[in-house]
Amino acid sequence: MPKTPIDAFTLSGRTMGTFWQVRLDTPLAAEERHSLTAAFQAAVGEVDQQMSTWNRQSALMRFNAAPCDEWHPCPRP
């Protein structure tokens, strides 16, 4: 018996002056899609908060601006 094709769909969002995109080939309800989109957006947002080279408040920029002879707290992975 042939398999029924699954409708593929794409989740996407904006981040760091560009965008992210995830293609899924599995059926999900609209609520699950929204939840998953929010989770992906939160993940890339966390990377931006930690590693951004344009946001002066990112962990990386605060670390780079800290004096060399002082301890500086960094976020846990």
Side-chain angles (χ1 to χ4, degrees):
M1 173 179 250
K3 292 183 179 182
T4 304
I6 296 174
D7 291 332
F9 62 92
T10 302
L11 304 176
S12 62
R14 297 187 149 282
T15 187
M16 298 176 269
T18 186
F19 68 95
W20 60 268
Q21 191 174 66
V22 177
R23 181 178 174 199
L24 298 171
D25 291 328
T26 187
L28 291 177
E31 184 177 306
E32 292 173 307
R33 290 181 191 189
H34 293 300
S35 177
L36 197 51
T37 298
F40 279 114
Q41 191 66 52
V44 296
E46 184 176 352
V47 171
D48 186 35
Q49 282 296 323
Q50 291 182 6
M51 304 300 293
S52 175
T53 57
W54 61 268
N55 177 357
R56 292 178 186 244
Q57 298 305 311
S58 75
L60 178 64
M61 293 299 282
R62 289 191 320 267
F63 177 79
N64 286 339
C68 295
D69 59 346
E70 293 181 18
W71 284 95
H72 183 79
C74 292
R76 295 186 66 78

To the nearest 0.5 Å, how far apart are CH2 in Trp20 and CZ in Arg14? 12.5 Å
Where the side chain of Arg62 meets the backbone of Gln57, is there a donor-acceptor pair that is under 3.5 Å apart? yes
Does atom NE2 (His34) have a neighbourhood of more than 12 heavy atoms from anything else shown, all under 6.0 Å? no
Indicate, with yes or no, if Met16 and Phe63 share a hydrophobic cluster defined by side-chain heavy-atom contacts under 4.5 Å among Ile, Leu, Val, Met, Phe, Trp and Tyr. no
Taking the side chain as everything from C-beta on, heavy atoms only, tell me whether Leu36 gets closer than 4.5 Å to Val22. no
Result for side-chain contact (heavy atoms from CB on, under 4.5 Å) between Leu11 and one of Gln41, Arg33, Gln21 points to Arg33
May I ask you to test the Glu32-Ser35 pair for a side-chain heavy-atom distance under 4.5 Å? no
One pair to check against side-chain contact (heavy atoms from CB on, under 4.5 Å): Gln49 and Asn55. What are the steps and the verdict? CA-CA 8 Å; Gln49 282 296 323; Asn55 177 357; 3.9 Å; yes
When rounded to the nearest 0.5 angstrom, what is the spacing between CD in Glu46 and OG1 in Thr15? 11.5 Å
Shortest non-hydrogen contact from Ser58 toward Ser52: OG-O, 2.7 Å
Does NZ or CZ of Arg23 come closer than 6.0 Å to the centre of the six-membered ring of Phe9, within 45° of the ring's axis? no
